[in-house]
Structures are given as C-alpha cells and as structure tokens.
Amino acid sequence: MAFKIVSMSPLPAQFVEALFDPYKREVGDIKVVSVAGLPRDRVLQELRDADVVIGDYTFQMRIDAEMCAAMEKVRLIQQPSTGYDHIDVEACAKHGIPVANAGGANAVSVAEYTIMAGLALLKRLIYAHRETVAGGWPQWRLMEMGTFDLQGKTWGIIGLGRIGREVARRLRPFGVSVVYFDKVRMEDAERELGVEYRSLPRLLRESDVVSIHVPLTRETRGMIGEGELRMMKPTAVLINPSRGEIVDEEALARAVRERWIAGAAVDVYSREPPPPDHPLIKAAAEGEANLILTPHIAGANTDARSRIIQFSIENVVRVLKGGKPEAVVNMDLNGG
Ligand SMILES: NC(=O)C1=CN([C@@H]2O[C@H](COP(=O)(O)OP(=O)(O)OC[C@H]3O[C@@H](n4cnc5c(N)ncnc54)[C@H](O)[C@@H]3O)[C@@H](O)[C@H]2O)C=CC1
Ligand SMILES: O=CC(=O)O
C-alpha cells in the first residue's frame, strides 16, 4: 500500500512525487495528490486518508482547525518555509499532529537580502538607476536628497533569531553599531555578535537602518504602526522581509511619501500579491520615492529553495520510516 502525501503547494503532483523517487526503495511506494486550487470540500476529503501533508510555500492555502480535524491519519505537516503563520499550529497540536518548518534553511538568504536592501536604500540605488536609464544625471540631486555610508551608522535589528543573528554577523565588517530588540534578552549572543539590547522605542529613535525579523504572531501583528514610524529619524530607513501584517502598510506608505523616514524596502505584504491600488505600490510609482518592493523572494532564491526542499523531503521520509520529525514547532503547545 502506498503512502499518501497531500501537497498544498501549487506544483504538479508528478513533480513533487519525483522528489521522493530516490527514497522509494527504502520507504515503499509514495503517491502525491496536489490539492492547490481545489474546492474546500475536495481538500477536506483528500486530507482524510493522507499520511503526510506538505504545506503551501506561497502561503495562500491556510491550514485551519477544520482541516486539522479532517487529518485523521496525518503524522506530519511539513511546511517548506521558515514562517508558518498560515497554519493553525495550536489546533494541529490539539489533534496530535506535529507541524515542522524548514527554519534556518533560508536564514542566510534573508540576511543577504536585508543587507543588500539597507545599502541600496542608503544610496538610493533604485532612483539613481531609474534616472540614469531615463537619460538623467542626478549626481547633485542625489546628494541633496541624502545618500549615506553604512559605516559609522547604527543598525537596529528587531528579532534576534536565526535571521537576525545572520544579519548581525554580516554587519560586523561594515563598522556599524548593531542594536537589537527581542522579547528575550540574549546575553550570550550580545557577547558573540557584539550587539547591544534596546527597548523598541529606543531602537527606533537611535537607528539609521531598522530591519524586522520577528515571526507574525498575535503580539507582533501591527508592531510597527504610525507611532513607531514617527519615532524613527527622518534619515532612517526600514526593511521588512518578515511578514506584511507586522507593519501598518498604509502608515508606511505615508511615512515614505511625507518623509517621516527616508525610505523602505518591503518583501512581504498583508495580501500577496498586493493589488495595484496597494498603498505601497502606489507610493513606489511616484518618481522620487525611496521604496524597494520585491515579491516575497528574500528567502526564496535558487540555493535556499534547494536547501528547503532537501530538508523537507528528508523530514517526510524520516517520518514515513517511523522516525521522529525534526524542526517541530508546535508539540510543546500541547505538552507533547
Ligand atoms: N521574506 C522571506 O522570504 C522570509 C521571511 N521570513 C520571516 O522571518 C521570520 C523570522 O525567521 P527566523 O529568524 O528564522 O525566526 P526565529 O524564530 O529564529 O527568530 C525570531 C525571533 O523573534 C523573536 N520574537 C518573537 N516574538 C517577538 C515579539 N513579540 N517581540 C520581540 N521579539 C519577538 C524571537 O524571540 C526570536 O528571537 C519568519 O517567521 C518569517 O516570517 C523567513 C524566511 C524567509
Ligand atoms: O517567507 C518565507 C519563509 O521561508 O518563511
């Protein structure tokens, strides 16, 4: 009898199934059913006899309590990403279903993106490129607008987890002071990385670059609103490669337009893809806005994707062979 894997990612079932080919001799037969885009009742039906569920790497298909209840046989939900805020992990825990992520597999990728974005914002790279291509030569204008070195500045990291630490590590050779805010004070990391703890308001007031690396939770939703943006220096820039709902997008668009801050880079949105009338899309279309908008790719480059896929496939195989999954994020929510 074949193991049944339900895949929620928008990839052909044959493609996902082929990823398991090298393991079929040791595990047995594996059949993959793709449910992306199917009506809800069909999805619930497919979940009933599934052994494993692979989550949606585009985060469009949510896993809610009703879906967890339908997963009568499921031994693992493997999410092929770091974030798992689209999965009701508490409901899964109540049903005894472990949810695992691929946390760490794209931490370096997001850190590199973050530093690239910080430098590009400080130097207004997008504006310089756009104007030059259009036949302009805005050397003086760029200086008037304010373009800066990173050296000698202060970089504020919100969330000193795997990604926040990789950012801090990579900032060392730039000669920057690094401060961080986290719900947990981490003295070992402070010593190892040479970073200093700050309250959130103090970090926002002191930093020239602020980057956000917390997960989306009840506590972090709306963490950066108008009040927080107004605490930042008018020359400071904000980078959000975390989740859209952590920042008030309307307020951020106004902050950049009205120059409360000098610019922002955003990789994630409360709705993905953002509609054409999204406030950040509209603000970016304006000539001089120092806004870099990317389509949720900070942690999804080719290298990161292959690490994520490799980890996810091996974790599923481990469970199908009767072993315990790694990187489980929810069983402690149920005392498990
Ligand atoms: N744009 C992209 O492609 C990617 C985005 N991400 C996002 O980055 C997030 C962070 O990833 P990791 O660093 O691996 O997570 P992590 O779990 O290693 O670190 C998160 C840090 O945030 C802190 N934190 C949690 N709640 C907090 C709160 N209320 N206040 C202050 N600090 C709080 C935690 O203590 C921890 O130190 C993910 O949850 C995901 O949303 C991750 C990978 C790729
Ligand atoms: O957003 C991407 C992730 O890995 O999380």
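All ligand and atom numbering here is 1-based and tracks the order in the structure. Numbering of residues begins at 1 and proceeds along the displayed sequence.
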(Q) For Thr217, state whether at least one heavy atom is located under 4.0 Å from any atom of ligand 1. (A) no

Q) Taking the non-hydrogen atoms of Leu160, is any one of them nearer than 4.0 angstrom to ligand 1? A) yes

Q. What is the nearest protein non-hydrogen atom to atom 4 (C) of ligand 1, stated with its residue, atom name and distance?
A. Pro241 O, 3.7 Å

Q | Nearest protein heavy atom with distance in Å, relative to atom 36 (C) of ligand 1 | A | Asp182 OD2, 3.5 Å

Q.
Give me the residue, atom name and distance of the protein heavy atom closest to atom 27 (C) of ligand 1.
A. Lys183 CD, 3.7 Å

Q. Considering only protein heavy atoms, which is closest to atom 40 (C) of ligand 1, and at what distance to one decimal place?
A. Arg243 NH1, 3.7 Å

Q | Which residue and heavy atom of the protein sit nearest atom 30 (N) of ligand 1, plus the separation | A | Met223 CE, 3.6 Å

Q. In terms of residue, atom name and distance, what is the protein heavy atom nearest to atom 25 (C) of ligand 1?
A. Pro215 CD, 3.6 Å

**Q.** Identity and distance of the protein heavy atom lying nearest atom 38 (C) of ligand 1
**A.** Thr82 CG2, 4.0 Å

Q. Does ligand 2 have an atom that lies less than 4.0 angstrom from a heavy atom of Phe59?
A. yes

Q) Heavy atom of Tyr113 under 4.0 Å from ligand 1? A) no

Q) Below 4.0 Å from any atom of ligand 1, is there a heavy atom belonging to Ser242? A) yes

Q: Could you check atom 11 (O) of ligand 1 against the protein and tell me its nearest heavy-atom contact, residue, atom and distance included?
A: Ile163 CD1, 3.4 Å

Q: Give yes or no for whether the N/O distance cutoff of 3.5 Å, strictly under, is met between Thr220 and ligand 1.
A: no

